[in-house]
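First the structure, in the form of structure tokens, and then the observations on it.
What you see is a predicted model, and the numbers here were worked out from it, not measured in a lab. Quick note: residue numbers are just sequence positions, from 1.
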Amino acid sequence: MNRLELLELKYLKSLANQYPNIAAASTEIINLQAILNLPKGTEHFLTDIHGEYEQFNHVLKNGSGSVRRQIDEQFGNTLSNKDKKSLATLVYYPQEKLDIVLQEEDNVEDWYKITLHRLVQITKKVASKYTRSKVRKALPKDFAYIIEELITEKAEVSDKEGYYNEIIHTIIRIGRAQEFIVALCNLIQRLVVDHLHIVGDIYDRGPGPYVIMDTLMNYHSVDIQWGNHDIVWMGAACGHLPCIATVLRIAARYGSLDTLEEGYGINLIPLATFALDTYQDTNCDIFAIKYNTDYNTKDLSLDMKIHKAIAIIQFKLEGQLIKKHPEFQMEDRLLLDKIDYEKKTVLVDGSEYAMLDTDFPTVDPADPYNLTPDEEQVMARIRQAFLKCEKLQKHVRFLFTNGSLYKVHNSNLLYHGCVPMDENGKFLSVNVDGKKYKGKELYDVLDNLARKGYYAKNDPAEMRKAQDYIWYIWAGPNSPVFGKDKMATFERYFISEPETHKETKNSYYSLLDSEEVLNRILEEFGLDTKKSHIINGHVPVELKKGETPIKCDGKLLIIDGGFSKAYQSKTGIAGYTLVASSHGMRLVAHEPFESTEAAILHESDIFSDSTVVEMAPVRIRVSDTDIGRELKESIKQLEQLLQAYRDGTIIER
């Protein structure tokens, strides 16, 4: 017996511990074969959520319109539109809706009976595409047996209606109707979406990224492709000062410092005290706050000072980093040393521009990138606050565990930004730590460095270098998740000429309708060019200007439609969801979400316009998916085990 045969026998003996005889192995083969023939689960793809937790949670609850579609299909014309809306709202917000119903309904018992029957019908429908075992695992513990009885067809019961009615009557009689309704509604939400993909940018701009992270950590099945805004928060959680300064500056700019203080409990008093003392008599007009309606304007003056203070610290720290890493090729971002304070101008790309502000009390023109002792002290204290923030560390560990820079899943290639390339569609070679990488290799090496930046605690020098690369992933000109020649933050603050604000996108974005280029990318990541798609976020699709998210006849989909309120005036909508079900793919465009309160009180759902991207000629089965391939391999191994039992190589127990 050769080495390979010995390894195979060893594996089969290990498998025999789980399936000790022919009967057990045969049962599992039959079970797996049955699963292969079920319809594939529904996948949802969301991107660029940017802290808009209310809209995000609503889209999860309504399954991007899937819940309402199930209600329409189940009840057709037998329910009025008003009743359908009311039922859908109950599914989304069961406890809140129940509180209102109990105050308004004259005959609560009748309402319970009707509602429970309707919810059981929807539950039965959404559960029908899963195995009984998978549904059983999703059932709420307190009501698992009762729900299984209600949604399982019982051939042996002659009076089925009477049997089911008696169960529902008993639930109401013993005072468990409310809890049972909540359990059914949560189960429907759970079964409508089988798996969730977040294609980057959970953080920044909006008020509640920490709420979104809590939701994702409790979600039944999710993966995340890191966006540039996620990466900079991950760097901040590592204690990397340029990343921390960037996170603080963006929070100050968008009036969302509460995210750090209240959401994560990070003490910003040292920064506020420093800004108030140092910038007390300094003009901060150009550091205006882009705030939403829930922003408390009494903090405006202080927040503008904080905004200016942290922006200057950021430019200094970035300058130090760029000088340390000439391979970043970002010398054009060194602008603090190009300021002429007498003329109040700055030299950018060889041209001189008037500056809107040169009142920088902490900048030494002779050594502009050096932090003052006070700035160093402030950043040291805030760094410790980031490192010791248990909630942030928990969220970032979840991003590392459940995320990556890209993912290949069910013939789809998911990434946030781009594959850096030249104008001819050839992959760009990028210098990373002295070696050149391109295409998939570039993604892999940067993904690996990001992980080292967080986990390589036993090698501090390696960890610090890796953290510098985390910052490069955020803002580097050839970073796959940034994908522009520069981040013109300095120019946008200090120079009025719009030509200096321009950030030129990587050539990738002008080649999205080239089938040859997209096929090259798919092949690079090991995908079949005839049936695969690229799913992309990062760059908002300006629908109001006639742009389309569907590129190259559906081979590539850009699904950033402006979840963030900051982008909605540009895009004209409030985000996309891509839904991949057993019937094919459709893109759902969402209208702006008013509020959770309005959704409950006025039963106002998000209106979503659905576009079919691809219809499957025959229904897609589990056998056609990545899980299907794994199950087929398991069946093959179990069949080998059966043979080993039958020929006596392994003895049954």
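In this structure, Leu638 CG and Gln18 CD are separated by 8.0 Å, a value rounded to the nearest 0.5 Å. Distance CD/Glu28 to OG/Ser26: 10.5 Å, rounded to 0.5 Å.
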Intermediate values then yes/no, side-chain hydrogen bond (donor to acceptor under 3.5 Å, both in side chains), His416 and Asn536: CA-CA 5 Å; His416 181 70; Asn536 212 168; over 6 Å; no
After noting the C-alpha distance and the side-chain angles of His197 and Gln225, does the key distance pass the side-chain hydrogen bond (donor to acceptor under 3.5 Å, both in side chains) rule? CA-CA 8 Å; His197 305 278; Gln225 292 70 59; 5.0 Å; no
Would Leu522 and His533 count as a side chain to side chain contact (heavy atoms under 4.5 Å, CB included) if you check the C-alpha gap in whole Å, the side-chain angles of each, and the deciding distance to 0.1 Å? CA-CA 8 Å; Leu522 290 167; His533 308 85; over 6 Å; no
Dump the intermediate steps for side chain to side chain contact (heavy atoms under 4.5 Å, CB included) on Val211 and Asn57, then the final yes or no. CA-CA 9 Å; Val211 181; Asn57 284 342; 4.1 Å; yes
Assess whether ring-ring contact (aromatic ring centres under 6.0 Å, His included) is satisfied between Trp226 and Phe400, documenting all intermediate values. CA-CA 9 Å; Trp226 307 324; Phe400 276 113; 5.5 Å; yes
Run the numbers on Leu196 and Asp223 for side chain to side chain contact (heavy atoms under 4.5 Å, CB included), then give the verdict. CA-CA 7 Å; Leu196 179 65; Asp223 59 65; over 6 Å; no
Show, in sequence, the C-alpha distance, side-chain angles and deciding distance for Asp194 and Lys129, and conclude whether the salt bridge (charged side-chain N to carboxylate O under 4.0 Å, His left out) test is met. CA-CA 10 Å; Asp194 189 47; Lys129 70 192 292 185; over 6 Å; no
Run the numbers on Leu119 and Leu87 for side chain to side chain contact (heavy atoms under 4.5 Å, CB included), then give the verdict. CA-CA 8 Å; Leu119 289 173; Leu87 187 58; 4.0 Å; yes
Can you check side-chain hydrogen bond (donor to acceptor under 3.5 Å, both in side chains) on Gln637 and Tyr19, steps first, answer last? CA-CA 11 Å; Gln637 290 158 356; Tyr19 305 100; over 6 Å; no
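In terms of the salt bridge (Lys or Arg N to Asp or Glu O under 4.0 Å) criterion, Arg397 has no residue partners (sequence neighbours excluded). Scanning for side chain to side chain donor-acceptor pair (under 3.5 Å) contacts around Asp624 gives an empty result, with sequence neighbours left out. For Ile100, the side-chain contact (heavy atoms from CB on, under 4.5 Å) partners are Glu104, Ile600, Leu601, not counting sequence neighbours. Residues forming a salt bridge (Lys or Arg N to Asp or Glu O under 4.0 Å) with Lys13 (at least two apart in sequence, or on another chain): none. In this view, Ser128 satisfies the side-chain contact (heavy atoms from CB on, under 4.5 Å) rule with no residue, not counting sequence neighbours.
The shortest non-hydrogen separation linking Leu32 to Ser634 is CD1-CB, 3.9 Å. The minimum heavy-atom distance between Val222 and Asn402, with the atom names listed, is O-OD1, 4.0 Å. Nearest approach of Tyr92 to Lys61, heavy atoms of both residues: O-CD, 3.2 Å. Contact record, Ser623 with Lys632: O-NZ, 3.0 Å, taken as the closest heavy-atom pair. Nearest heavy-atom pair across Ile22 and Glu652 is N-OE1, 2.8 Å. For the pair Tyr645 and Ala16, the tightest heavy-atom approach, listed with the atom from each and the gap, is OH-CB, 3.4 Å.
Between the side chain of Asp230 and the backbone N or O of Gly227 there is at least one donor-acceptor pair closer than 3.5 Å. In this structure, the side chain of Thr152 does not engage the main chain of Glu149 through any donor-acceptor pair within 3.5 Å. Side chain of Lys394 to backbone of Cys389: no donor-acceptor contact under 3.5 angstrom is found. In this structure a side-chain-to-backbone donor-acceptor pair under 3.5 Å is present from Thr27 to Ala23. The backbone N or O of Pro39 sits nowhere less than 3.5 Å from a side-chain atom of Ser582 that would complete a donor-acceptor pair. With hydrogens and angles ignored, the 3.5 Å screen pairs no side-chain donor or acceptor of Asp447 with any backbone N or O of Ser404. Using modelled atom types, no side-chain atom of Ser532 and backbone atom of Thr529 make a donor-acceptor pair closer than 3.5 Å. Side-chain atoms of Gln189 never come within 3.5 Å of backbone atoms of Gly63 as a donor-acceptor pair (strictly under, hydrogens ignored). Distance alone, capped at 3.5 Å, is enough to place a donor-acceptor pair between the Asn21 side chain and the Arg653 backbone. For Lys97 (side chain) and Ala88 (main-chain N/O), no donor-acceptor pair under 3.5 Å exists by modelled atom type.
Using the six-membered ring where Trp is involved, Trp233 and Tyr203 have ring planes that are parallel, under 30° apart on the 30 and 60° scheme. Between His229 and His50, the two ring planes are perpendicular [angle over 60°; tilted spans 30° to 60°].
Residues Asn165 and His117 form a side-chain contact, since some pair of their non-hydrogen atoms from C-beta on lies under 4.5 Å apart. No side-chain heavy atom of Leu557 sits less than 4.5 Å from a side-chain heavy atom of Pro549. In this structure, Tyr454 and Met234 have side chains that are not in contact, with every pair of non-hydrogen atoms separated by 4.5 Å or more. The closest side-chain heavy-atom distance from Pro207 to Asp258 is not below 4.5 Å. Side chains of Tyr415 and Leu405 form no contact here, defined as non-hydrogen atoms less than 4.5 Å apart. Tyr264 is listed as a side-chain neighbour of His395, based on a closest heavy-atom distance under 4.5 Å. Leu556 has its side chain within reach of Ile558: a pair of non-hydrogen atoms, C-beta onward, lies under 4.5 Å apart. Side chains of Asn412 and Phe45 form a contact here, defined as non-hydrogen atoms less than 4.5 Å apart.
No more than 12 heavy atoms of other residues, nucleotides or ligands sit less than 6.0 Å from atom OH of Tyr145. Counting heavy-atom neighbours within 6.0 Å of Glu390 CD, excluding the residue itself, gives a total of 12 or less. Within 6.0 Å of the CD1 atom in Ile627, the count of heavy atoms belonging to other residues, nucleotides or ligands does not exceed 12. Applying the 6.0 Å contact sphere to CZ of Arg132 captures no more than 12 heavy atoms from other residues, nucleotides or ligands. Other residues, nucleotides and ligands contribute only 12 or fewer heavy atoms inside 6.0 Å of the CG atom of Asn77. Around atom NZ of Lys636, no more than 12 heavy atoms belonging to other residues, nucleotides or ligands sit under 6.0 Å away. Residue-environment remark: CG (Asp553) stays at or below the threshold of 12 foreign heavy atoms within 6.0 Å.
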Output a table of donor-acceptor pairs, distance under 3.5 Å, between side-chain atoms of residues 177-188 and any protein atom two or more places apart or on a different chain; print 'none' if there are none.
from	atom 1	to	atom 2	distance (Å)
Asn186	ND2	Val182	O	3.3

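In this structure, a donor-acceptor pair under 3.5 Å is absent between the side chains of Gln74 and Lys125.
Taking the six-membered ring for Trp, His195 and His44 have ring centres at least 6.0 Å apart.
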